[in-house]
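Data first, discussion second: the structure below is written as structure tokens.
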Amino acid sequence: MSIMFRQIPRSLGRALGGLRRSLSTDLPAPSTADTTFVEAWKQAVPNIDPPKTPLAFMKPRPPTPSSFPSKLTVNFVLPYQSELSSKEVDQVIIPALTGQMGVLPGHVPTIAELKPGVLSVLEGNEITKYFISSGFAFIHANSVTDVVAVEALPLDRFDQSSVQKGLADFTQKLSTASTDLEKAEAQIGVEVYSALNFAIAG
């Protein structure tokens with residue numbers, strides 16, 4: 001048994017080496033890559049079922065269109081409702097963790113983590129703004145963008161005096177927090193209310 005398992009790395013290494021070489025240029029179809037791996041496994045360990053490879057769970061990347069559409073399709077969802085569903089717009093500006101990011105039709109595929117801030121949806125001369133607490137944006141190669149937020153409300157629904165009061169309250173809690181949990185909760189409150197106050201002011 002030990003001899004058989006010592007042979008596995010060599011056999012699989014040869015199969016995976018070929019796979020790595022092919023991945024450096026063009027990604028092979030999952031079925032082709034899996035077939036090569038399974039054949040190598042069965043030669044090395046005929047009595048044990050081969051494990052699943054990552055490619056067994058991957059879907060082929062959607063083809064990139066030869067010409068970009070004039071509109072960006074946006075899906076904006078919260079855990080409890082859909083704000084925008086297959087909405088065609090000119091641009092969205094998302095509050096990514098790395099900074100404000102504008103997304104136009106034909107944007108490079110990207111996954112962006114979101115921070116508390118304003119999501120702006122531009123459609124012609126109209127701009128709709130939402131304040132979001134956190135989430136992720138998935139920008140696909142086919143000019144579709146999915147924004148998934150934990151919580152969001154239209155920016156015009158907020159009252160600036162209430163926001164400033166909330167910011168003052170959490171700032172006070174942060175200065176008097178005695179435990180790590182209290183400090184973390186207060187820090188989150190300060191960050192969210194600071195971003196909201198900045199968005200309303202400006």
Side-chain angles (χ1 to χ4, degrees), residues 23-27 54 57-168 170-171 174 184-202:
L23 285 174
S24 64
T25 53
D26 294 315
L27 183 66
F57 303 98
M58 293 173 61
K59 294 181 180 179
R61 179 178 292 179
T64 303
S66 57
S67 62
F68 298 122
S70 60
K71 295 286 187 179
L72 177 72
T73 302
V74 177
N75 300 301
F76 177 30
V77 296
L78 306 174
Y80 50 87
Q81 69 184 32
S82 174
E83 290 288 340
L84 300 174
S85 179
S86 299
K87 178 79 171 175
E88 290 191 345
V89 301
D90 295 314
Q91 182 183 11
V92 293
I93 302 174
I94 60 175
L97 206 59
T98 54
Q100 293 291 103
M101 180 167 60
V103 182
L104 294 164
H107 195 286
V108 64
T110 307
I111 298 175
E113 184 177 356
L114 307 180
K115 65 181 180 180
V118 176
L119 169 73
S120 300
V121 181
L122 290 74
E123 186 178 5
N125 294 326
E126 294 184 5
I127 302 177
T128 306
K129 294 184 177 182
Y130 300 87
F131 184 83
I132 63 176
S133 60
S134 60
F136 285 90
F138 303 89
I139 303 166
H140 307 284
N142 57 353
S143 294
V144 174
T145 296
D146 299 319
V147 179
V148 182
V150 175
E151 188 59 82
L153 277 175
L155 191 59
D156 57 13
R157 297 266 302 273
F158 292 96
D159 175 62
Q160 188 166 14
S161 61
S162 298
V163 170
Q164 290 175 343
K165 182 180 182 305
L167 178 57
F170 275 105
T171 302
L174 182 60
E185 290 176 344
Q187 183 63 44
I188 291 170
V190 168
E191 289 177 6
V192 171
Y193 273 97
S194 295
L196 185 52
N197 188 49
F198 179 78
I200 294 173

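As the structure is a prediction and not an experimental result, all values here were calculated from the model. Excluded from the calculations below are hydrogen atoms, water molecules and symmetry mates; all remaining heavy atoms, backbone and side chain alike, are included.
We find the CZ-OH distance between F158 and Y193 to be 8.5 Å, quoted to the nearest 0.5 Å. Here the CE-CG distance, from M101 to L97, works out to 10.5 Å after rounding to the nearest 0.5 Å. For the atom pair CG (L119) and CD1 (I94), the distance works out to 7.5 Å, reported to the nearest 0.5 Å.
Partners of Q100 according to the side chain to side chain donor-acceptor pair (under 3.5 Å) rule, which considers only residues two or more places apart in sequence or in another chain, do not exist here. Residues passing the salt bridge (charged side-chain N to carboxylate O under 4.0 Å, His left out) test with K87 are E123, sequence neighbours excluded. When the side-chain contact (heavy atoms from CB on, under 4.5 Å) test is applied to D159, the partners found at least two apart in sequence or on another chain are S161, S162. For K129, there are no salt bridge (charged side-chain N to carboxylate O under 4.0 Å, His left out) partners, not counting sequence neighbours. Every side-chain contact (heavy atoms from CB on, under 4.5 Å) that S86 has, sequence neighbours left out, goes to T73, N75. Shown here are the side-chain contact (heavy atoms from CB on, under 4.5 Å) partners of Q160, two or more places apart in sequence or in another chain: Q164, N197, I200, A201. Every residue meeting the side-chain contact (heavy atoms from CB on, under 4.5 Å) condition with E83, not counting sequence neighbours, appears here in chain and number order: F76, L78, Q81, Y130. For the side chain to side chain donor-acceptor pair (under 3.5 Å) test, no residue two or more places apart in sequence or in another chain qualifies with E185. Checked against salt bridge (charged side-chain N to carboxylate O under 4.0 Å, His left out), D146 has no partners two or more places apart in sequence or in another chain.
The two residues L72 and L104 make their nearest non-hydrogen contact at CD1-O, 4.0 Å. What you find for F131 and A195 is that their closest heavy atoms are CE1-C, 3.7 Å. Residues S70 and P105 come closest through the heavy atom pair O-CG, 3.7 Å. When all heavy atoms of L167 and S194 are compared, the closest pair comes out as CD1-OG, 3.3 Å.
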Item to complete: Kindly indicate, with the supporting measurements, whether the criterion side-chain contact (heavy atoms from CB on, under 4.5 Å) is fulfilled by V74 and V121.
Response: CA-CA 9 Å; V74 177; V121 181; 5.6 Å; no
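A heavy-atom distance below 4.5 Å is found between the side chains of L155 and V118.
Residues in residues 89-105 take part in these salt bridge (charged side-chain N to carboxylate O under 4.0 Å, His left out) pairs, two or more places apart or across chains: K71-D90.
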Compile the donor-acceptor pairs under 3.5 Å between side chains in residues 106-115 and protein atoms, sequence neighbours left out, one pair per line.
from: T110; atom 1: OG1; to: V108; atom 2: O; distance (Å): 2.9

